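Note that the coordinates shown come from a computational prediction; the quantities given were computed from them, not determined experimentally.
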Amino acid sequence: MNRSTILLRRFSNLLKKSLTESYSSKLSLLSQSRKLTSTTSPDSLNGLLNDIPLNNQYYNYPRLTARQTALRTTPPKGAQMLVRDFIDDSLYNPNYGYFSKQAIIFSPQNHFDFSNIKDNLEFMNIVASKYKEFEISLDDKDKKVTKQLWHTSTELFKPWYGYAFAKYIVNEYKLGGNPQHDLIIYELGAGNGTLMLNILDYIQKFEPAIYKKTRYRVVEISSMLAERQRSIQNFQQVVNVHNCVEIINKSIFDWNETIKDPCFFLACEVFDNFAHDVIRYNFSSEKPVQGIVVANDEGEYEEIYEPVNDPLIIRYLSLRNRTMYKTPALQNRLLRSLRNKLPLAPNLTQPEFIPTKLLLFLDILKDCFPKHRLVISDFYKLPDSIQGIDAPVVQTRYQQTMVPCSTYMVHPGWFDIFFPTNFELLKDIYQLVCRSSRAESEKIKVLQQKEFLKRYSDLTKTQTKSGENPMLMYYENVKFLLS
């Protein structure tokens, strides 16, 4: 699955006609009802359009959380969920979630010899060819299952990309002033284990004394993903080569142990799959409302809104109000006032996706890893996103074709849902939650990926004959946060 701008993708329609005609039964997963309504209690707001009524039956539906639906083997019907719980269930349900349906990271068997590659164009063609071969091999192995596939910087530019992480970590470890303690590294969402292998190989090769004191611990977003890691051959090879590796079979969101030792905490392309909530604002009062996904008795989805009452949403908005951030949804008050006077004008702003699950993660860092150093890399912008502020890309792979969607309310388990990260806002929220002193906050940095790589990678290793450097040219929509 291509999650970056490395290869151009253009889709004029959600589904091509031929695709729909040939596979209409399977693609009916996309044809869910997606209406926008709101609760109609006296204290609530009307929907985007006042002529969209709310089905009173929805009041009787139980409100479920992702933790409750994790026990289910099929997506719930006749129920309602906060948007973050619906997305979390869609991605991580152990029985039907996206990451339980054999989502696979593209990993070339050998690293690329850039010194023998003419230029960037030739490299792109080589990658496209290998990617195609990999896709065909997956489909040949199991024609009944549509496996989900994507690639990452770590895999395309191994080992040099991972070496940059290692060099940064080692440099900061040495500058820490206490080299007597062990070098402890936690990685959240280790995938195939390639980043871990490259980091440990670098430390073993160039810093053997530090390697003897290195401990590498893998924690997953869910216990199900941690269990799956044990079945990945490449991952097991890393564990066999480096006996300092420990797989912790526990979700990071269930973590309850306090780690008092200094440590580095890595998360590479992980935050993008953290579930978000959706809020909108009343055009007149500017008060926020929270989104709810209703699954009716037929399994069709509707989005309704109610006044914000969820404690986590309230806390996130309260923290955000302490920063300099101003939501684009409420900009230009005069224009909004004029718009309200138009016939059939909507009374709610466009949706805004807020990273409430990320806030829970920051709480865990603060409480359980008080001496952590954070190393984050992820997307700060994404092409083909759905409508809304900080909205996700929703897509799936079907018959070796990437199919983008216009809504997050799709059949759970069949679609990747991934978000951009506002790194400047994340820096402020992280500072409020995890770094109270000014001295600590000044050490928090946000860098473009290109800037990070120029500082810490050996760029001669990824330079082509023409002088072009694909590692600097691709994934330009990625930033780093370093604390």
Side-chain angles (χ1 to χ4, degrees), residues 107-117 152-219 234-247 261-269 371-377 443 445 447-464 469-472 474-475 478 480-483:
S107 180
Q109 188 171 3
N110 301 305
H111 70 264
F112 296 102
D113 183 3
F114 289 92
S115 63
N116 287 322
I117 297 176
T152 66
S153 300
T154 303
E155 300 292 347
L156 290 187
F157 302 109
K158 62 183 181 185
W160 319 117
Y161 189 79
Y163 277 16
F165 276 75
K167 185 176 180 180
Y168 168 78
I169 291 170
V170 168
N171 286 354
E172 294 298 308
Y173 172 76
K174 291 179 177 178
L175 292 172
N178 186 15
Q180 301 304 317
H181 66 74
D182 289 346
L183 171 56
I184 302 174
I185 302 171
Y186 286 86
E187 184 181 358
L188 180 63
N192 290 342
T194 302
L195 180 63
M196 174 174 59
L197 174 64
N198 298 156
I199 289 174
L200 291 175
D201 282 350
Y202 176 94
I203 299 174
Q204 185 180 46
K205 181 176 181 180
F206 298 105
E207 302 286 350
I210 295 177
Y211 178 78
K212 293 178 181 179
K213 298 186 292 182
T214 299
R215 302 291 178 266
Y216 205 107
R217 296 164 182 166
V218 176
V219 187
N234 290 350
F235 195 92
Q236 286 306 308
Q237 290 174 350
V238 179
V239 177
N240 294 336
V241 171
H242 298 285
N243 58 15
C244 60
V245 175
E246 178 185 0
I247 303 175
D261 299 314
C263 63
F264 289 85
F265 212 108
L266 314 185
C268 185
E269 293 187 26
K371 295 183 179 180
H372 73 271
R373 299 281 302 276
L374 197 57
V375 183
I376 301 298
S377 69
K443 296 179 181 179
K445 296 181 175 63
L447 302 176
Q448 291 276 355
Q449 175 166 276
K450 182 182 293 187
E451 186 179 356
F452 177 84
L453 293 174
K454 284 182 177 180
R455 291 187 187 185
Y456 299 105
S457 67
D458 183 353
L459 296 178
T460 63
K461 300 297 186 180
T462 53
Q463 183 172 300
T464 62
N469 199 312
M471 189 166 68
L472 296 181
Y474 298 154
Y475 299 94
V478 170
F480 278 69
L481 185 144
L482 310 171
S483 71

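Leu266 pairs in a side-chain contact (heavy atoms from CB on, under 4.5 Å) with only one of the listed residues (Leu188, Ile169, Ile376), which is Ile169. A salt bridge (Lys or Arg N to Asp or Glu O under 4.0 Å) with Glu172 is found for one member of Arg373, Lys443, Lys445 and no other, namely Arg373.
Ser483 and Leu374 make their closest contact through OG-N, 2.7 Å (heavy atoms, listed as atom of the first residue, atom of the second, distance). Taking every heavy atom of both residues into account, Cys268 and Leu195 meet most closely at CB-CD2, 4.1 Å. Here the shortest heavy-atom pairing between Val375 and Tyr168 reads CG2-CE2, 3.7 Å. In terms of heavy atoms, Glu207 sits closest to Lys174 at OE2-NZ, 2.8 Å. When all heavy atoms of Glu187 and Met196 are compared, the closest pair comes out as OE1-CB, 3.7 Å. Contact between Tyr456 and Lys167 at its shortest, heavy atoms only, is O-CD, 3.2 Å.
When side chains are defined from C-beta on, Asp113 does not count as touching Ile117, because their heavy atoms never get closer than 4.5 Å. Using a 4.5 Å cut-off on side-chain heavy atoms (C-beta onward), Cys263 and Arg217 make no contact. With a 4.5 Å cut-off on side-chain heavy atoms, Leu453 and Phe157 do not count as touching. At least one side-chain heavy atom of Tyr161 sits under 4.5 Å from a side-chain heavy atom of Ser377. Contact annotation: the side chain of Asn469 never approaches that of Phe114 to less than 4.5 Å [non-hydrogen atoms, C-beta and beyond].
Taking the centre of each ring, Phe165 and Phe452 come in below the 6.0 Å mark.
Once rounded to the nearest 0.5 Å, the distance linking CG of Leu156 with OH of Tyr474 reads 9.0 Å.
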Run Ile199 and Thr214 through side-chain contact (heavy atoms from CB on, under 4.5 Å) and show every step you take.
CA-CA 11 Å; Ile199 289 174; Thr214 299; over 6 Å; no
Run the numbers on His181 and Asp261 for side-chain contact (heavy atoms from CB on, under 4.5 Å), then give the verdict.
CA-CA 8 Å; His181 66 74; Asp261 299 314; over 6 Å; no
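Qualifying side chain to side chain donor-acceptor pair (under 3.5 Å) partners for Glu451, counting only residues two or more places apart in sequence or in other chains: Arg455.
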